[in-house]
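Notes to accompany the following structure.
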Amino acid sequence: MSDKPLNGHRVLVLVTNYGVEQDELVVPVRRLRENGADVTVAAVSSDPIETLVGDKDPGETVDPTTTLDAMDADAYELLLLPGGTINADQLRLQDKALETVKAFAASGRPVAAICHGPWALVEADVLNGKTLTSFPSVRTDIRNAGAREWVDEEVVSDSANGYTLVTSRTPKDLDAFVGAVGKALVGS
């Protein structure tokens with residue numbers, strides 16, 4: 001096997017089974033795997049994940065690797081939270097997802113979220129003192145959750161308060177997002 005930059009690194013992706021923005025799930029998973037990362041997609045159930053394009057049009061169907069209840073979050077180095085309005089809104093209601101977000105932040109492991117994905121971070125109360133970005137409609141929630149600052153940039157990496165948080169706004173930012181996720185994963 002060839003030596004790839006992310007060989008030996010493990011990423012956990014949390015989603016619901018309906019409403020995740022297609023490219024915010026499919027593109028990072030594919031690119032991280034192409035670079036050697038072991039990526040696990042944990043969904044609420046073992047049913048196929050029905051993605052959406054632009055929050056409305058049916059997208060690809062993706063099979064989850066495991067479920068939220070069956071996953072072992074301690075086995076992973078980085079947590080990734082894709083967006084999609086419906087997905088992000090429903091994910092923040094899942095106790096196991098919130099426990100996982102809190103555990104990653106508390107242990108100093110990096111967390112990455114794109115678009116509406118930061119809603120789980122708001123609900124888990126792990127944004128105090130952080131600078132981040134998101135889809136613009138989430139900015140007030142982020143500020144109200146104690147973030148230091150919301151900025152309109154394609155990617156933001158913030159290591160304040162004990163863990164690295166990588167955030168981006170929309171699928172248009174995926175190149176920068178996936179690059180920053182890779183850097184956070186290898187600790188550079």
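Below, each value reflects all heavy atoms present in this structure, side chains not excepted, and no hydrogens, waters or symmetry copies.
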- Residues forming a ring pair (Phe, Tyr, Trp, His ring centres under 6.0 Å) with Tyr18, sequence neighbours excluded: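 Tyr18: no ring pair (Phe, Tyr, Trp, His ring centres under 6.0 Å) contacts found.
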Can you tell if the side chain of [X] reaches within under 4.5 Å of the side chain of [Y], non-hydrogen atoms only?
X      : Y      : answer
Leu6   : Val186 : yes
Glu21  : His116 : no
Val181 : Pro28  : no
Thr51  : Val62  : yes
Val166 : Val155 : yes
Val111 : Tyr163 : yes
Gln90  : Val44  : no
Arg10  : Glu77  : yes

Return the [atom1] to [atom2] distance between [X] and [Y], rounded to the nearest 0.5 Å.
X      : Y      : atom1 : atom2 : value
Trp150 : Thr131 : CH2   : OG1   : 12.0 Å
Arg148 : Leu132 : CZ    : CG    : 10.5 Å
Thr85  : Asp55  : OG1   : CG    : 3.5 Å

Transitive ILVMFWY side-chain link [X] to [Y], under 4.5 Å:
X      : Y      : result
Val20  : Trp119 : no
Val101 : Leu12  : yes
Leu98  : Val15  : no
Val27  : Leu79  : no
Leu81  : Val156 : no

- Query: Just by distance, do the side chain of Arg92 and the backbone of Val122 share a donor-acceptor pair under 3.5 Å?
  - Reply: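 The answer is no, because no donor-acceptor pair under 3.5 Å joins these two groups.
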- Query: Can Asp125 and Lys102 be counted as an ion pair, charged N to O under 4.0 angstrom?
  - Reply: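 Looking at Lys102 together with Asp125, the answer is no, because their closest N to O distance does not fall below 4.0 Å.
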